[in-house]
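For reference, the structure is listed below as structure tokens.
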Amino acid sequence: MADTLTITDNRTGKTYEIPVQDGAIKAMDLRQIKTGADDFGLMTYDPAFQNTAACRSKITYIDGDKGVLLYRGYPIEQLAEQSTFIETAYLILFGELPTKSQLESWTREITLHTMLHENVKKFMEGFQYDAHPMGIMLSTVGCLSTIYADAKRIGEEDNRRLQIRRLIAKVPTIAAWAYRHSIGRPYVYPDNDLSFTGNFLNMLFKMTELKYTPSPVLARALDILFILHADHEQNCSTSVMRGIGSSQADPYSALAGAAGALAGPLHGGANEAVLRMLNEIGNISRVPDFITRVKAGEGRLMGFGHRVYKSYDPRARIIKQTADEVFEVTGKSPLLDIALELERIALEDEYFVSRKLYPNVDFYSGLIYQAMGFPVAMFPVLFAIPRTAGWLAQWDEMLRDSDQKIARPRQIYTGAATRPYVTIDKR
Ligand code: ACO
């Protein structure tokens, strides 16, 4: 029997056979369902895209019920244990793990692009002394579109590859300089002898020493966090990246927009919100009272819940292990006990259990970042660095997809019917 959905329209008595492919019907197939010649045709109403697939993608697979996350088929747990961020970025972008020589040349290419034009430095110096680093970062990424005018040629594959390398290499430099700016310290130039995360730590924390030596434990912890955050299929910021990219804007403009979406507290800003929440709770004895207030609807338990995961976020589990390794070097965060107690109570409480609310990736990442010496305002910036690889992979995939056009949702108009203009003296 053909894979179809039979729809009978009770308004007209007509029956339609709608093909079902990959567990979905094409929304455009509903357009033929009309009550008359001047009817526009049936639409679907799906605010926040809770049940609409906007693309076909080969990059990331999530099974939210089982807590599975795969990049190009590889389980996140294996990548976190055995891969590096640079290798994972290659995998996400190009579909396969690199050979030894491919990895060497990819690493070299990224390393060669870590410098920023001095005009970009001047641009960053112009920000207010207390500017939020996420605002600095996303504006500076947007500014790069004025430096690399060639990026507009998005139809040329080689050109897209060049911009991808530039962005993956330069976003950490921008992020580190945004941090240095916010604490009033001179910007540190990249050290290309170091690893991707080792160099990032150098640009963040180098003082007067001639050569910065990153802690291997912290560099590896950051690498793991970057692997975990590299992509997460069609989330809010990725949809923005694809949405802006669909108008054929250059990738710097699209990525600045995606970073703007990531900045919100319900998305990449959540780890910042978690830390603020833990500080506000302040003491383990106040946890039960806080949970009571959350259940009464007075705020949310930040770092809990996810649109897709309805079980333990697999990334949260890996981060919890990484946190223990980091705390051995940095000392334990005084907020860890509050976080553990929140998790313990929430995982037993009927309110959270019945709503399938579990810790997400951001519940513990903030504690690690804080232990490493980052202020909370830097947390979303730290998220944006690895997600740059995911955004670019999704952007590139979208541009190659012949099904895609400029993104343009429909609406159901609920405003006033046509009415004549009223002059101001008659209102
Ligand atoms: N604390 C308390 N209650 C919650 C929470 C929470 N963190 N999250 C959801 N709920 C409740 C809602 O109040 C709602 O209850 P109701 O059915 O009684 O009205 C129910 O659970 C469903 O919540 P929705 O908001 O409909 O779920 P949605 O899928 O739209 O939201 C989101 C997902 C935004 C992540 C939400 O869980 C949330 O706000 N979490 C806190 C913020 C956070 O940690 N964000 C990071 C997400 S991960 C990332 O972006 C990397």
Side-chain angles (χ1 to χ4, degrees), residues 60 62 64 67 69 76-77 80 85 132-134 137 175 221-238 240 258-281 287 290-291 294 299-324 326-327 333 335-347 352 355-372 374-391:
T60 292
I62 302 174
L69 170 60
I76 192 68
E77 294 81 0
F85 168 69
H132 195 291
M134 191 64 174
M137 189 237 137
L222 210 48
D223 216 29
I224 293 173
L225 284 159
F226 283 1
I227 292 170
L228 300 182
H229 286 89
D231 192 54
H232 212 232
E233 51 117 313
Q234 310 311 314
N235 52 75
C236 177
S237 56
T238 301
V240 170
L262 188 71
L266 296 188
H267 191 10
N271 49 13
E272 183 175 348
V274 170
L275 252 277
R276 291 194 203 287
M277 173 189 78
L278 294 175
N279 275 317
E280 196 186 300
I281 298 172
V287 169
F290 180 79
I291 295 271
V294 168
R300 290 199 159 189
L301 176 49
M302 299 312 287
F304 260 68
H306 199 277
R307 173 60 61 77
V308 177
Y309 292 117
K310 299 303 170 197
S311 69
Y312 212 99
D313 181 338
R315 301 169 300 173
R317 193 170 278 123
I318 301 167
I319 285 193
K320 222 172 150 182
Q321 287 164 11
T322 310
D324 292 335
V326 169
F327 293 152
S333 162
L335 299 176
L336 178 66
D337 290 337
I338 301 176
L340 288 170
E341 182 65 359
L342 275 174
E343 181 182 338
R344 190 189 66 75
I345 297 186
L347 292 182
F352 297 91
R355 289 171 178 77
K356 299 188 176 170
L357 300 170
Y358 294 88
N360 60 49
V361 68
D362 284 325
F363 192 63
Y364 288 104
S365 64
L367 287 173
I368 302 185
Y369 291 144
Q370 194 194 39
M372 288 171 112
F374 291 107
V376 285
M378 271 300 282
F379 295 178
V381 180
L382 293 165
F383 193 154
I385 295 170
R387 188 51 62 84
T388 295
W391 287 330

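In this text, all values refer to a predicted model and were calculated from it rather than measured experimentally. By convention here, the first residue in the shown sequence is residue 1.
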Would you give the length of the straight line joining atom CG of Leu367 to atom CG of Leu336, rounded to the nearest 0.5 angstrom?
6.0 Å
Heavy-atom pair with the smallest gap, counting every atom of Ala384 and Met134:
CB-CE, 4.3 Å
Kindly state whether the ring of His267 and the ring of His232 have centres lying under 6.0 angstrom apart.
no
Ignoring hydrogens, what is the shortest heavy-atom contact between Pro359 and Ala316? Give both atom names and the distance.
O-CB, 3.8 Å
Once you round to the nearest 0.5 Å, how far does CG of Leu340 lie from OH of Tyr364?
4.5 Å
Is there a donor-acceptor pair closer than 3.5 Å between any side-chain N or O of Ser333 and the backbone N or O of Ala371?
no
Taking the side chain from Asn271 and the backbone from Ser365, do they hold a donor-acceptor pair closer than 3.5 Å?
no
With a 6.0 Å cut-off on ring centres, are Phe304 and Tyr358 close enough?
no
Closest approach of Ala261 to Ser237 (non-hydrogen atoms, all atoms of both residues)
CB-CA, 3.7 Å
How far apart are the C-alpha atoms of Ile281 and Leu342, what are their side-chain angles, what is the distance that settles it, and do they pass the side-chain contact (heavy atoms from CB on, under 4.5 Å) test?
CA-CA 10 Å; Ile281 298 172; Leu342 275 174; 3.9 Å; yes
Run the numbers on Phe290 and Leu301 for side-chain contact (heavy atoms from CB on, under 4.5 Å), then give the verdict.
CA-CA 9 Å; Phe290 180 79; Leu301 176 49; 4.0 Å; yes
Using 0.5 Å steps for rounding, measure from the CG atom of Leu222 to the CE atom of Met372.
4.5 Å
Give me the atom names and distance for the closest heavy-atom approach of Ile76 to Pro314.
CG2-CB, 4.2 Å
Please evaluate residues Leu225 and Phe383 with respect to the criterion side-chain contact (heavy atoms from CB on, under 4.5 Å), reporting the C-alpha separation (whole Å), side-chain torsions for both, the decisive distance (0.1 Å), and the verdict.
CA-CA 9 Å; Leu225 284 159; Phe383 193 154; over 6 Å; no
Return yes if some donor-acceptor pair links the side-chain N/O of Asp362 with the main-chain N/O of Gly303 below 3.5 Å, else return no.
no
N/O donor-acceptor pair under 3.5 Å between Asp313 side chain and Ser311 backbone:
no
Provide the closest heavy-atom pair for Ala80 versus Ile318 in the form atom of the first, atom of the second, distance.
CB-CG2, 3.9 Å
Exercise: identify the closest heavy-atom pair between Val381 and Ala175
CG1-CB, 3.4 Å
Once rounded to the nearest 0.5 Å, what's the spacing between atom OH of Tyr312 and atom CG of Asn360?
10.0 Å
side-chain contact (heavy atoms from CB on, under 4.5 Å) for Gln234 and Ile62? Distances and angles first, verdict last.
CA-CA 10 Å; Gln234 310 311 314; Ile62 302 174; over 6 Å; no
Please determine whether a side-chain nitrogen of the Lys or Arg among Glu77 and Arg315 lies less than 4.0 Å from a carboxylate oxygen of the Asp or Glu.
no
Note: Glu280-Arg276 ion pair, threshold 4.0 Å (strictly below)
no
Nearest 0.5 Å please: distance from the CD1 atom of Ile338 over to the CG atom of Leu278.
6.0 Å
